[in-house]
Each structure stands twice: as C-alpha cells, then as structure tokens.
Amino acid sequence: MKYTTTPNDSRYSEIIDVRSPWEFQEDHVPGAINLPVLDDEERSRVGTLYKQESPFVARKVGAALISRRIARHLENHFSAKDKDYHPLVYCWRGGTRSQSLALVLEQIGWQVTVLTGGYKTYRTAVRQQLAILPQQFEYKILSGLTGVGKTAILQQLAQLGEQVLDLEAIAHHRGSILGHFWDEQPQPSQKRFESLLLQQFQTFEPHKIVWLEAESSKIGLLHLPPQLWEMMQKATAVGIQLPLEMRVEGLLQQYPHLTAHPQLLKQQLSRLQYRYGKAKVEQWYDLINSQQWRVLVRDLLVFHYDRAYTRSLQRRDRVWDYTLTLTNLSTASVVAAAISLRDGVTGS
C-alpha cells in the first residue's frame with residue numbers, strides 16, 4: 001500500500017471517496033466517485049456508539065457494517081477491474097474507512113494508494129492555494145446596472161478564447177434577491193464552491209487576463225475568498241451601458257421564471273418589505289396579479305436595483321476606468337462588444 005498527500009487524478013485509475021453520501025455531496029476531491037463504506041445513518045450510529053458507549057463497541061459495529069458494504073462494492077463496482085487497476089482511496093482523515101477498503105483491494109492484488117490525512121489534507125491545500133493563486137492574475141471586471149448584458153458578454157468572451165471566471169455560474173446564483181437559479185439544484189456548499197473556484201483557476205494561464213463580472217463579496221449564501229475579493233477591488237473596471245427599455249426586454253427573456261412562478265416571485269419580493277415598506281411591496285404584488293410584467297421589471301430596476309448599485313459604487317468609492325455602450329442585446333451586438341473588449345477597443 002502506498003501513501004500520498006497529493007490527489008492527482010492523472011496518476012490513478014480512479015479516485016474513490018469512501019465517506020458517506022452527505023460528506024461527499026458537501027465537497028470532494030475533483031474527479032472522485034463516491035463508494036461509501038458507511039452510509040449517512042450508519043456513520044451517525046457508529047459515531048453515537050463511540051461517544052455514548054465506547055470506542056471498542058463502535059469499532060465492532062463499524063467493522064461489521066464496513067465489511068458488508070465493501071463486499072457489495074466488490075461484487076458490483078470492482079468486479080470488472082483488470083489487474084492494472086490502481087485507485088486512490090480517501091476518507092475524512094485517512095483512517096479506518098479508507099484503510100479498510102484499501103487493505104481488501106491490496107489483498108486482491110491491486111496497487112492501492114491512500115491519501116494521507118484524507119479529505120482534510122485536500123481541504124487544507126484548497127485553502128492554501130486560494131490564498132495564493134488569485135494574486136497571480138490580472139483582472140478586468142464588467143460592471144454596470146442590472147440587465148446591461150454583462151453575463152452574455154462574458155459568455156461570448158469565453159467563446160472567443162478569453163479566460164473567464166463566471167462566479168455566478170459556479171455559485172449557482174445571479175447575485176441578487178431574485179438571483180437564485182429557479183431549478184432543483186441548490187447553491188453548492190462553501191467548501192464545494194471553493195473547490196470549483198480552485199479548479200477554474202488551475203486552468204488559467206498567468207500571463208493572460210481573467211475577465212469576470214462585478215460582484216459583492218457574497219453571492220447568495222457564498223463568500224468569495226478574501227484574496228480574490230481584494231484583487232477584484234484593484235481590477236480595471238469596464239462600465240457596460242444599455243438603454244432602460246432594452247434592459248427590461250432582456251431581463252424578461254433571461255428570467256422567464258419571473259412570469260412562470262408568480263407566487264415564488266412574491267415570496268422573494270416580500271424580503272424587501274423591511275426596506276421599502278408594505279405599501280410598495282403590495283404595489284409590486286398588484287403588478288404581478290395583473291401580469292404587467294414590463295411595468296414591474298422597469299419599476300424594480302429603477303426603484304430597487306439601480307439605487308442599490310449606485311449606493312454600492314459610492315460606498316466603495318468605485319469608478320469605471322472606461323465604458324462600453326450597447327444599443328441592444330442582440331447576438332450581433334453582444335459579439336461586437338466582446339470583440340472590442342478582447343481587442344482593447346473601448347469607449348470613453
């Protein structure tokens with residue numbers, strides 16, 4: 001049996017995370033698969049025995065549970081593996097769970113490597129690298145009022161081969177009170193968010209600019225690493241401008257769930273009552289009930305989003321280094337904007 005402190009997936013046939021499904025979902029080593037030797041309930045049961053009875057009793061019960069589950073994995077997942085199969089195995093701290101599976105696989109005749117320190121070793125490396133990597137790049141930030149097409153331009157820059165850090169996509173949130181993605185997938189955990197960020201940074205070339213959208217230090221429930229936020233504050237800011245009516249039109253197309261889920265929309269808007277009062281929120285409810293979507297979106301932009309954006313700029317004493325004005329959000333317009341940014345052709 002071999003040991004390593006670096007989970008490099010290119011060296012192994014597979015990376016196997018033997019922790020419980022909940023632990024794996026919270027975060028895991030990139031590319032890992034989950035073959036738990038204890039499920040969530042079993043892990044809780046063994047942990048309770050450890051604390052309330054004794055470590056000896058917990059180990060006896062745990063050994064029986066782990067053995068049965070490893071047997072099932074051998075009959076299913078491992079049955080077709082050839083003799084050159086070489087997995088990396090890890091658990092929370094590189095202890096009983098990973099060692100149990102690794103020992104059985106080694107006895108079969110496979111070369112097995114165990115991650116020393118387990119997931120905790122990986123997690124420490126993530127934090128350390130996120131304290132360093134963000135400082136190695138030059139950034140340009142697309143700024144501007146809600147609905148001016150920043151995300152669309154970022155996506156086009158990526159298609160042109162530019163390095164793009166799409167924080168909202170990684171965070172699964174569009175960065176405002178109405179910004180969560182209205183589907184079945186929640187935001188990732190903070191740990192998973194940081195793992196995904198690190199994965200993205202590791203694909204970047206230090207000599208090339210990284211493009212991203214202006215964000216606060218928090219996207220939904222997730223916090224940006226302090227070092228990244230610090231670099232964003234120093235970055236060149238490109239102000240994107242678009243006429244109000246084009247912003248309204250674009251948001252109605254970009255956020256179809258606003259009209260498809262009126263009750264959920266009301267629930268989100270109710271969170272603004274503390275700021276604007278009951279009468280204003282009920283006015284928005286009336287617009288929803290009468291399906292006056294353009295009036296609603298226009299009023300939300302002018303009364304809430306634009307004011308909040310202006311306050312944010314003033315609070316941070318932030319100014320645009322230059323501006324880029326679009327007349328609409330057609331594909332041709334967005335492509336032209338992205339090309340001009342790539343080529344350094346800007347407005348005022």
Side-chain angles (χ1 to χ4, degrees), residues 1-40 42-44 46-47 49-51 55-56 58-133 189-192 194-203:
M1 191 182 305
K2 296 183 177 180
Y3 295 87
T4 184
T5 57
T6 306
N8 184 342
D9 59 0
S10 65
R11 295 161 50 192
Y12 305 106
S13 304
E14 281 184 315
I15 299 178
I16 301 175
D17 185 324
V18 302
R19 297 176 304 155
S20 69
W22 183 88
E23 292 173 287
F24 181 82
Q25 181 180 355
E26 184 186 32
D27 188 33
H28 52 268
V29 171
I33 62 168
N34 189 209
L35 294 180
V37 295
L38 293 173
D39 64 21
D40 295 323
E42 291 166 343
R43 175 173 171 263
S44 176
V46 171
L49 288 172
Y50 190 95
K51 293 178 181 178
F56 177 71
R59 283 194 291 267
K60 282 198 302 181
V61 172
L65 293 170
I66 289 172
S67 296
R68 285 195 288 269
R69 196 163 289 274
I70 288 177
R72 289 198 291 272
H73 292 324
L74 290 172
E75 294 168 347
N76 297 300
H77 183 78
F78 296 106
S79 61
K81 305 300 183 185
D82 60 32
K83 63 183 300 182
D84 295 325
Y85 178 66
H86 178 193
L88 171 69
V89 180
Y90 73 92
C91 61
W92 173 246
R93 286 178 303 213
T96 302
R97 288 184 287 176
S98 58
Q99 295 282 348
S100 297
L101 178 61
L103 179 62
V104 172
L105 297 182
E106 185 181 48
Q107 290 299 310
I108 291 172
W110 285 312
Q111 181 181 349
V112 184
T113 302
V114 173
L115 180 62
T116 302
Y119 170 79
K120 290 187 71 176
T121 293
Y122 163 73
R123 176 63 186 159
T124 298
V126 170
R127 291 197 301 267
Q128 291 173 343
Q129 291 180 67
L130 283 179
I132 298 171
L133 270 181
S189 68
Q190 182 67 36
K191 292 178 180 178
R192 189 70 191 141
E194 291 172 6
S195 283
L196 295 171
L197 269 180
L198 179 58
Q199 277 186 272
Q200 186 67 70
F201 269 113
Q202 289 173 333
T203 68

Visitor: Can you tell if the side chain of K191 reaches within under 4.5 Å of the side chain of Y119, non-hydrogen atoms only?
Guide: yes
Visitor: Roughly how far apart are H73 NE2 and S79 OG, rounded to 0.5 Å?
Guide: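 Answer rounded to 0.5 Å: 12.5 Å.
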Visitor: Indicate yes or no for a side-chain donor-acceptor contact from S44 to the backbone of D40 under 3.5 Å, with no hydrogens or angles considered.
Guide: no
Visitor: Does the side chain of F78 come within less than 4.5 Å of L101's, by heavy atoms?
Guide: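 A side-chain contact exists here, since the closest heavy-atom pair is under 4.5 Å.
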Visitor: Distance from H28 atom NE2 to Y122 atom OH, nearest 0.5 Å?
Guide: 8.0 Å
Visitor: Take atom CZ in F24; do more than 12 heavy atoms of anything else shown fall under 6.0 Å from it?
Guide: yes
Visitor: Run the side-chain contact (heavy atoms from CB on, under 4.5 Å) check on R123 and E194 step by step: do they pass?
Guide: CA-CA 9 Å; R123 176 63 186 159; E194 291 172 6; 2.7 Å; yes
Visitor: Enter the distance from R72:CZ to S67:OG here, rounded to the nearest 0.5 Å.
Guide: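 Between R72 CZ and S67 OG, I get 11.0 Å after rounding to 0.5 Å.
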Visitor: On a heavy-atom basis, which atom in V18 and which in C91 lie closest, and how many Å separate them?
Guide: CG2-CB, 3.6 Å
Visitor: Does any part of the side chain of P7, heavy atoms only, come nearer than 4.5 Å to the side chain of L88, both counted from C-beta?
Guide: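 Touching, per the 4.5 Å side-chain cut-off.
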Visitor: Can you give each donor-acceptor pair under 3.5 Å made by side-chain atoms of residues 29-39, sequence neighbours left out, with the distance rounded to 0.1 Å?
Guide:
from	atom 1	to	atom 2	distance (Å)
N34	ND2	D17	O	2.9
N34	ND2	R19	O	3.0
D39	OD1	E41	N	3.1
D39	OD1	E42	N	2.7
D39	OD2	R69	NH2	3.4

Visitor: Quick check: does any side chain N or O of S189 sit under 3.5 Å from a backbone N or O of E26, one acting as donor and the other as acceptor?
Guide: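 Checked: pair present.
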Visitor: Quick check for you: to the nearest 0.5 Å, what is the distance between R93 atom CZ and Q99 atom CD?
Guide: 13.0 Å
Visitor: Output the distance between atom CD (Q25) and atom CD (E23), rounded to the nearest 0.5 Å.
Guide: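 Rounded to the nearest 0.5 Å, the CD-CD separation comes to 11.5 Å.
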Visitor: Flag the pair L105 / L74 as yes when at least one side-chain heavy-atom distance between them is below 4.5 Å, and no otherwise.
Guide: yes
Visitor: Can you establish whether the number of heavy atoms outside K81 located under 6.0 Å from its atom NZ is more than 12?
Guide: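 Yes, because the 6.0 Å sphere around NZ of K81 holds more than 12 heavy atoms from other groups.
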Visitor: Would you mind reporting whether T203 and Q200 have side-chain heavy atoms less than 4.5 Å apart?
Guide: yes
Visitor: Under 3.5 Å, side-chain donor or acceptor atoms of residues 108-117 against the rest of the protein: list the pairs with distances, not counting sequence neighbours.
Guide:
from	atom 1	to	atom 2	distance (Å)
W110	NE1	D82	O	2.6
T113	OG1	H86	NE2	2.9
T116	OG1	T4	O	3.4

